[in-house]
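Whatever order the structure lists ligands and atoms in, that order sets their numbers, starting from 1. FYI, side chains are in, hydrogens and waters are out, and symmetry mates aren't considered; it's all heavy atoms of this structure.
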Amino acid sequence: MSSIIKTKAFVLSKLDFGDTSKIAKFYTEDLGRISGIIKGARSPRSKIGKTVDVLNYVDLVLYKKEGRDLQIVTQADLIAYYPNIKSDLEKLKYASAVFELLLRLTVENDQHRRLFIGVEKILQRMEDETTQPILLFSMFFKFFLEEIGYGLETNKCSVCHKSLLNRGNISYNHEIGLMCKSCSENHLVLFEFSMELFKKMVCLSQRNSKCTYTESELKEIITFFERFLIYHVDEFQGIKSLKIY
Ligand SMILES: [Zn+2]
């Protein structure tokens, strides 16, 4: 079965293929993450070749064949190209980190509309707002973990099931998860949150929250999320974009 599909897509990566073509990876609204070939894209006259560029948001038309790994891209029209993100190193670093999570941690051909909308929103905010990019990324990262099924239980201690709030520092290890202070005394502790930092981490997913963060607090939270993913996802070794820039 083959069909013509029109869908919105973010361009995650792009590589030369053969003498004239390119292969791109997309995060699409209707098909999730897919790979597509753009024939003739390396010709200077190819309009699609230019439109399909990393960090662009495009309207894609593809010729999709069931069971084929590589779909054929026949048309691409620009929706947004985020000039403010691309000209600001700090914004670029965190937008690239968003794309890296999509590239490495989503499943191919798995439609996930809520996640797609979340990506659309966070990029628009990075583009338009003066809010620190690291804060926007931290909010996205927490949302992303929940969406891909790695949300943390933050209400209760994983050992005694009592509330974690206001009972002293909170500890974590990979096998158990988050623990209250008294339970942590009998277990290995890999990561320890002060109550203040813990509340701020929870606050990341609250709408219109009044929480304020220092850069080092956000870095600590991002490092925690990364270590959590590195443990739970085999091939994942951390977010490269955060180290390169
Ligand atoms: Zn406990």
Metal site the Zn ion (ligand 1), protein N/O/S atoms found under 2.8 Å = 4
inquiry  = Taking less than 2.5 Å as the test, are the sulfur gamma atoms of Cys211 and Cys203 close enough?
reply    =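 Between Cys203 and Cys211 there is a disulfide, given that their SG atoms are under 2.5 Å apart.
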key: Parallel, tilted or perpendicular: ring planes of Phe137 versus Tyr94, cut at 30 and 60 degrees   =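 Taking Tyr94 first and then Phe137, their aromatic rings sit tilted (interplane angle of 30° to 60°).
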query = Can you tell me if Thr7 uses its side chain to pair, donor with acceptor, with the backbone of Leu60 under 3.5 Å?
reply =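 Judged by distance alone, no pair lies under 3.5 Å.
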query = Taking the six-membered ring where the residue is Trp, are the ring centres of Phe193 and Phe224 under 6.0 Å apart?
reply = yes
ask   = Taking only residues at least two apart or on different chains, which pairs with a member in residues 51-81 satisfy ring-ring contact (aromatic ring centres under 6.0 Å, His included)?
value =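 Of all non-adjacent pairs touching residues 51-81, those that pass ring-ring contact (aromatic ring centres under 6.0 Å, His included) are Phe10-Tyr57.
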remark   = Between Ile176 and Asn173, the two heavy atoms sitting closest are N-OD1, 2.9 Å
